[in-house]
Trainee: 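Structure in structure tokens, see below.
Index from 1, following the sequence.
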Amino acid sequence: QVYRSPGVATCLSSTRPCTRAPLQRFGWMSASPAPVGKVASCLSLASASTAASDGGAQAPAATGSRARLPALPAPGGLEGVKSKRRPVLSLALQRPGDAAYDPEKRGASAPLPAAAAGASGAALALGLGARAVLAGLSQAQAMALCIGLAARDEDDAGGCGSWALSRHEGLRVATVFGCDGAALHEEFSAAAAMAPHLVCVHLGGLSDRAGACAVLKSFRGALLVLEASPDAAAEGCGEEDQEGLLRALGVTSRWSVAEHGFESLTLPPALVTEIIGDLKLKDLEQDPEVVALVSQAQPLYDQHFHEDLIEDVRSRESAQVGFLVARREEGDGLVQRQFLGLIVYKHWGPPLRVLSILRVAVPSKFRLQGFGRVLMRWAIEKARQMPRTQCARLTLNSMPEAILFYERLQFTSIPQDDDDGGEPRMEEVDAAQPVPGALWMELKCGRSFQLVGKR
């Protein structure tokens with residue numbers, strides 16, 4: 001089934017039926033889509049699941065209930081391209097009255113800057129090492145660009161709407177729209193089978209898709225992110241969410257369509273973070289700055305733990321809290337702190353000698369930026385600074401979907417027959433019912449003493 005977006009003089013083709021949901025998701029289809037002729041295109045527009053499009057149940061929102069997205073393989077080399085800064089794709093937005101685009105005349109074969117992306121005249125050139133954002137496109141322009149990038153040959157790509165494209169003849173491009181969980185998995189599976197050199201993705205489709213961001217961040221090829229214009233009605237995420245997604249994807253350059261080509265935009269600034277730790281119950285109730293952080297953290301606590309933060313800490317004798325915050329200095333010399341995540345922990349002295357991690361949470365808009373790892377490493381370092389007589393290991397009860405995260409931090413599972421008395425039991429640490437699939441894990445991190453040299 002082929003549909004045309006208003007104002008886009010190009011078309012989509014697919015080898016299988018597809019629903020209208022992906023086009024409606026980004027506002028790229030009118031209420032009465034007009035069928036157009038079939039052209040050769042490798043644009044894989046994943047359809048929404050039949051049940052969802054017919055009013056059936058959506059996929060569960062919990063990350064652990066979704067199938068893990070396949071990783072994208074490392075792309076192979078291209079003939080004649082020995083550097084990731086060598087241009088393999090150049091694109092130009094043609095306007096009425098503009099001269100025909102000639103990549104050779106525009107100097108599109110010159111080496112690119114370190115970011116593997118650069119503007120030359122009216123064109124934007126990308127290399128295999130590019131992780132670029134193209135901002136300010138209208139919905140019609142973004143759709144036409146996706147169609148052109150996914151075309152199988154340069155003839156189709158070069159005549160795609162208002163875009164003029166020039167690419168390496170062996171360049172493989174995959175496009176990802178991310179309409180829903182099922183469609184996203186299908187698109188990533190198709191991209192993994194293709195082994196693309198470049199992936200083009202719409203930023204709005206990645207909102208609340210932490211798994212997709214993780215796969216794209218680890219992808220070793222080129223990445224082009226389309227960021228909708230501010231007046232786009234179907235973006236689906238705010239400015240702060242967009243900045244968080246761009247940090248999560250590890251982009252290195254950002255471009256906007258200008259009157260005579262492309263202009264460089266500043267990237268979202270890196271956040272200056274700090275951890276306010278060792279907060280006790282009285283601090284959460286009495287310190288004005290901490291009370292403000294508690295109010296910011298409470299919606300996250302409700303969402304993940306279904307508890308009141310203060311009451312949860314009160315029910316766990318001697319539990320303490322650490323807040324990860326971003327510092328922002330304002331003109332009056334005041335320092336504003338933005339909540340980025342929290343950790344709740346409890347130290348069990350001798351004979352247990354354990355630092356138990358009770359809660360760890362990061363808001364969805366700040367995930368994949370390493371903040372959860374920052375919180376855990378802070379707790380690990382805190383335990384390591386204690387003498388072995390006071391703390392010999394960290395323990396936690398991991399949810400199934402977080403086991404891999406903790407394994408990367410060198411945590412290991414605690415054997416079922418570990419009855420040496422060093423591990424607090426579930427009923428001692430957490431009064432809640434154990435979650436099916438949850439796993440007790442530990443990290444032995446007390447100070448170790450080694451002899452150096454010979455006696």
Trainee: Please work out whether the ring planes of Tyr406 and Phe411 are parallel, tilted or perpendicular, with thresholds of 30° and 60°.
Mentor: perpendicular
Trainee: Considering residues at least two apart in sequence or located in another chain, which fulfil the side-chain hydrogen bond (donor to acceptor under 3.5 Å, both in side chains) criterion with Glu263?
Mentor: none
Trainee: Which heavy-atom pair separates Ala191 from Pro196 by the least distance, and what is that distance?
Mentor: O-CD, 3.0 Å
Trainee: With side chain to side chain contact (heavy atoms under 4.5 Å, CB included) as the criterion, how do Phe366 and Gln338 come out once you've worked through the C-alpha distance, each side chain's angles and the decisive distance to 0.1 Å?
Mentor: CA-CA 11 Å; Phe366 295 124; Gln338 182 182 18; 3.4 Å; yes
Trainee: Determine whether the side chains of Trp440 and Ser413 contain a donor N or O and an acceptor N or O closer than 3.5 Å.
Mentor: no
Trainee: Start with the C-alpha distance between Leu184 and Val176, add both sets of side-chain angles, then the distance that settles side chain to side chain contact (heavy atoms under 4.5 Å, CB included), and finish with yes or no.
Mentor: CA-CA 7 Å; Leu184 199 68; Val176 175; 3.8 Å; yes
Trainee: Before accepting this row, confirm whether a basic side-chain N of the pair Arg254/Glu227 lies closer than 4.0 Å to the acidic partner's carboxylate O.
Mentor: yes
Trainee: Salt-bridge test for Arg316 and Glu311: reply yes if a basic N is under 4.0 Å from a carboxylate O, no otherwise.
Mentor: no
Trainee: With Ser398, which residues qualify under side-chain hydrogen bond (donor to acceptor under 3.5 Å, both in side chains), at least two apart?
Mentor: none
Trainee: Does a salt bridge link Asp312 with Arg359, judged by any charged N lying under 4.0 Å from a carboxylate O?
Mentor: yes
Trainee: Determine whether Leu89 and Leu149 satisfy the following criterion, side chain to side chain contact (heavy atoms under 4.5 Å, CB included), listing intermediate values before the conclusion.
Mentor: CA-CA 9 Å; Leu89 171 68; Leu149 290 175; 3.6 Å; yes
Trainee: Would Arg373 pass as a cation-pi partner of Phe405, given that its NZ or CZ must be under 6.0 Å from the six-membered ring centre and within 45 degrees of the axis?
Mentor: no
Trainee: If you draw a 6.0 Å radius around CD in Glu317, do more than 12 non-hydrogen atoms from other residues or ligands fall strictly inside?
Mentor: no
Trainee: List, one per line, each side-chain donor-acceptor pair under 3.5 Å for residues 275-284, sequence neighbours excluded.
Mentor:
from	atom 1	to	atom 2	distance (Å)
Asp278	OD1	Tyr345	OH	2.6
Asp278	OD1	Lys382	NZ	2.8
Asp278	OD2	Lys382	NZ	3.3
Asp283	OD2	Lys280	N	2.9

